[in-house]
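Side chains included, hydrogens not; waters and symmetry mates left out as well; all remaining heavy atoms used.
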Amino acid sequence: MTSADRTIEDAATDDAAVGDALAASTSDASLARTIARSAQIEAEIDQDPSKFRVLTGDRPTGNLHLGHYFGTLRSRVLLQQRGVETFILIADYQVITDRDGVGPIRERIYSVLADYLAAGLDPEKTTIFTHSSVPALNQLMLPFLSLVTESELRRNPTVKAEFEATSGRPMSGLLLTYPVHQAADILFCKANIVPVGKDQVPHLEQARVIARRFDERYGRADAGQPVFPAPDALLSEVTNLLGTDGTKMSKSKGNTIELGMDADTTAKILKKAVTDADRNITFDPVNRPEVSNLVLLAAMSSGRDPQEIAAQIGDGGGGTLKKVVTEAVNEHFAPIRARRAELVADQGYLESVLARGNARANDVAESTLDEVRTAMQMTY
């Protein structure tokens, strides 16, 4: 029996570890391999960044905040500066995976785009695009869905995580197939690295499985190589900032500082930030999470060591800490905010940037879809 004759069930049987891998790829051995591979990729980027293409992105469910900036946005700018070709998706279709409507989607799309550009992403080097503008990307969902089973999707860690976030509302078909859509996002442009935190490594496994199964079941457009590369994780040391109330940072909780906020608004929000009763400021994330979170924010904004900042404040108390944090944040983001204000005032420029990014993404997606049709013998 040839690989092209295998059914999905056969492939699942032959790949007995696939289902378990989706749920358990964070095992120590798997994580160790991922860490080693990620370190190797970092070294290879320094040697030849042209070997790599990155895909990453955001759902436009609200304005970007400091958690986004320090968690992912700044690292994207650094990858761009290192010469890695980068595709950034504003995932408008993914907004409706767990919501009844899209909300003020157009406003949010351009707000996110302004944040990207103000933070340093260069549209001449980085392709920024939206889901709904790239039909060929979304068409990949059909052959990709033929390569996974319902049971695999239901135990997928991405589906589980997204379903838990919906507070038990009925799962939509789009939510069930969410990891397949993620795979299409990654594979349409043949991205071979995806920046993720350690806890997100299992989310990448579905794309790797689909890339391999497509090659096994449908074959190749070019006999010398698979249509889709198996993407690797580029591990990032994501710093998880808490919200100003000491809980998980969330747009829905109103405990964030948005990139577009001015200095006065930032000061007012930080003045109300939660600390504790001990006037002696220390950096102790386990025992003093709220205080340490503010110290960390000041450190990341100023490029200093958090222990150094805490020692400098000493017994100055929460008031001094908040003053230090406010000054550090406002100084760091002043040029970003100034640039953002210029961008928001020039709607025509933002529209042109997105139009060029969408055009570029469409060219790439159509080329990939042509290869898919050829491999599947669907060129008529």
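- Between E85 and K190 no salt bridge is recorded (no basic side-chain N to carboxylate O distance below 4.0 Å).
- In this structure, N138 contributes its side chain and H131 its backbone to a donor-acceptor pair below 3.5 Å.
- Within the 4.5 Å cutoff, side-chain heavy atoms of K323 are placed close to those of E327.
- Taking each heavy atom of A328 and S301 in turn, the nearest pair found is O-CB, 3.6 Å.
- Judged purely by atom type and a 3.5 angstrom limit, Q80 uses its side chain to pair as donor or acceptor with the backbone of G120.
- No side-chain donor-acceptor contact under 3.5 Å links R279 and T320.
- The residues E216 and R213 are annotated as not salt-bridged, no charged nitrogen and carboxylate oxygen being separated by less than 4.0 angstrom.
- Under a cut-off of 6.0 angstrom, the local environment of CD in Q307 is crowded, with over 12 non-hydrogen atoms contributed by other residues, nucleotides or ligands.
- Side-chain contact between L89 and F129 is present, with heavy atoms from C-beta onward closer than 4.5 Å.
- Inter-residue side-chain proximity for P179 and H203 is flagged as unmet; no heavy-atom pair is nearer than 4.5 Å.
- No side-chain heavy atom of V291 sits under 4.5 Å from any side-chain heavy atom of T282.
- With values rounded to the nearest 0.5 angstrom, L147 atom CG is found 10.5 Å from R212 atom CZ.
- Among residues two or more places apart in sequence or in another chain, the side chain to side chain donor-acceptor pair (under 3.5 Å) test is passed with N255 by D245, T247.
- Formation of a donor-acceptor pair under 3.5 Å by the N192 side chain with backbone atoms of R53 is found in this model.
- R373 and D370 are joined by a salt bridge, as a carboxylate oxygen and a charged side-chain nitrogen come within less than 4.0 angstrom of each other.
- Side chains of Q94 and D185: a donor on one and an acceptor on the other come within 3.5 Å.
- Between the CG atom in D363 and the OG1 atom in T127 there is a gap of 10.0 Å [rounded to 0.5 Å].
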Please lay out, stage by stage, how I309 and F283 fare under the test side-chain contact (heavy atoms from CB on, under 4.5 Å).
CA-CA 9 Å; I309 291 176; F283 183 66; over 6 Å; no
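- Interatomic distance, OG of S132 versus CG of N358, reported as 7.5 Å (0.5 Å rounding).
- The closest side-chain heavy-atom distance from T244 to M249 is not below 4.5 Å.
- Considering all non-hydrogen atoms of both residues, L270 and T326 come closest at CD1-OG1, 3.4 Å.
- A 4.5 Å side-chain heavy-atom check between E42 and L234 finds at least one atom pair inside the cut-off.
- Under a cut-off of 6.0 angstrom, the local environment of NZ in K253 is crowded, with over 12 non-hydrogen atoms contributed by other residues, nucleotides or ligands.
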If you apply the rule side-chain contact (heavy atoms from CB on, under 4.5 Å), what do you find for L297 with F70, and how did you get there?
CA-CA 9 Å; L297 179 55; F70 288 115; 3.8 Å; yes
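- The two residues M300 and L241 come nearest to each other via the heavy atoms CE-CD2, 3.4 Å.
- Between P135 and N362 the shortest side-chain heavy-atom distance falls below 4.5 Å.
- Residue H181 holds its NE2 atom at 14.0 Å from CG of L176, rounded to the nearest 0.5 Å.
- Dense packing is recorded around CD of E44, with more than 12 heavy atoms of other residues, nucleotides or ligands lying under 6.0 Å away.
- R169 and F163 make their closest contact through O-CE1, 3.1 Å (heavy atoms, listed as atom of the first residue, atom of the second, distance).
- For D58 (side chain) and P60 (main-chain N/O), no donor-acceptor pair under 3.5 Å exists by modelled atom type.
- Residues A207 and L187 share a closest heavy-atom pair of O-CD1, 3.7 Å.
- Here the CG atom belonging to L113 is positioned 10.0 Å from the CD atom belonging to E351, to the nearest 0.5 angstrom.
- Side-chain contact of R76 with T126: a donor-acceptor pair under 3.5 Å is absent, judged by distance alone.
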Would T275 and K322 count as a side-chain contact (heavy atoms from CB on, under 4.5 Å) here? Give the steps.
CA-CA 9 Å; T275 55; K322 292 175 184 180; 3.8 Å; yes
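- The backbone N or O of L242 sits less than 3.5 Å from a side-chain atom of N293, completing a donor-acceptor pair.
- In this structure, the side chain of S38 engages the main chain of L235 through a donor-acceptor pair within 3.5 Å.
- When atom types are taken as modelled, the side chain of R108 and the backbone of G103 share no donor-acceptor pair closer than 3.5 angstrom.
- Under 4.0 Å is where a charged nitrogen must lie from a carboxylate oxygen, and between E258 and R337 no such pair does.
- For F188 against V364, the heavy-atom pair with the smallest separation is O-CG1, 3.8 Å.
- L78 and L64 fall into different hydrophobic clusters, where Ile, Leu, Val, Met, Phe, Trp and Tyr side chains are chained together by heavy-atom contacts under 4.5 Å.
- With hydrogens and angles ignored, the 3.5 Å screen pairs no side-chain donor or acceptor of R288 with any backbone N or O of D276.
- Going from atom CZ of R82 over to atom OG of S75 covers 10.5 Å, rounded to the nearest 0.5 Å.
- Proximity of a side-chain donor or acceptor of S172 to a complementary backbone N or O of T97 within less than 3.5 Å is detected.
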Please lay out, stage by stage, how F214 and V372 fare under the test side-chain contact (heavy atoms from CB on, under 4.5 Å).
CA-CA 9 Å; F214 185 92; V372 166; 3.9 Å; yes
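- Residue V54 is not grouped with residue Y69 when hydrophobic side chains (ILVMFWY) are merged at heavy-atom distances under 4.5 angstrom, including chains of intermediate members.
- Note on I186: it clusters hydrophobically with L369, by side-chain heavy-atom contacts below 4.5 Å among ILVMFWY residues.
- A 4.5 Å side-chain heavy-atom check between L73 and L259 finds at least one atom pair inside the cut-off.
- Listed for the D98 side chain is no donor-acceptor partner under 3.5 Å among the backbone atoms of L175.
- Criterion: ILVMFWY side-chain heavy atoms under 4.5 Å apart, direct or through other members. Under it, Y349 and V344 are not part of a common hydrophobic cluster.
- By the rule that hydrophobic residues join a cluster once side-chain heavy atoms approach within less than 4.5 Å of another member, M171 and V180 end up as members of one cluster.
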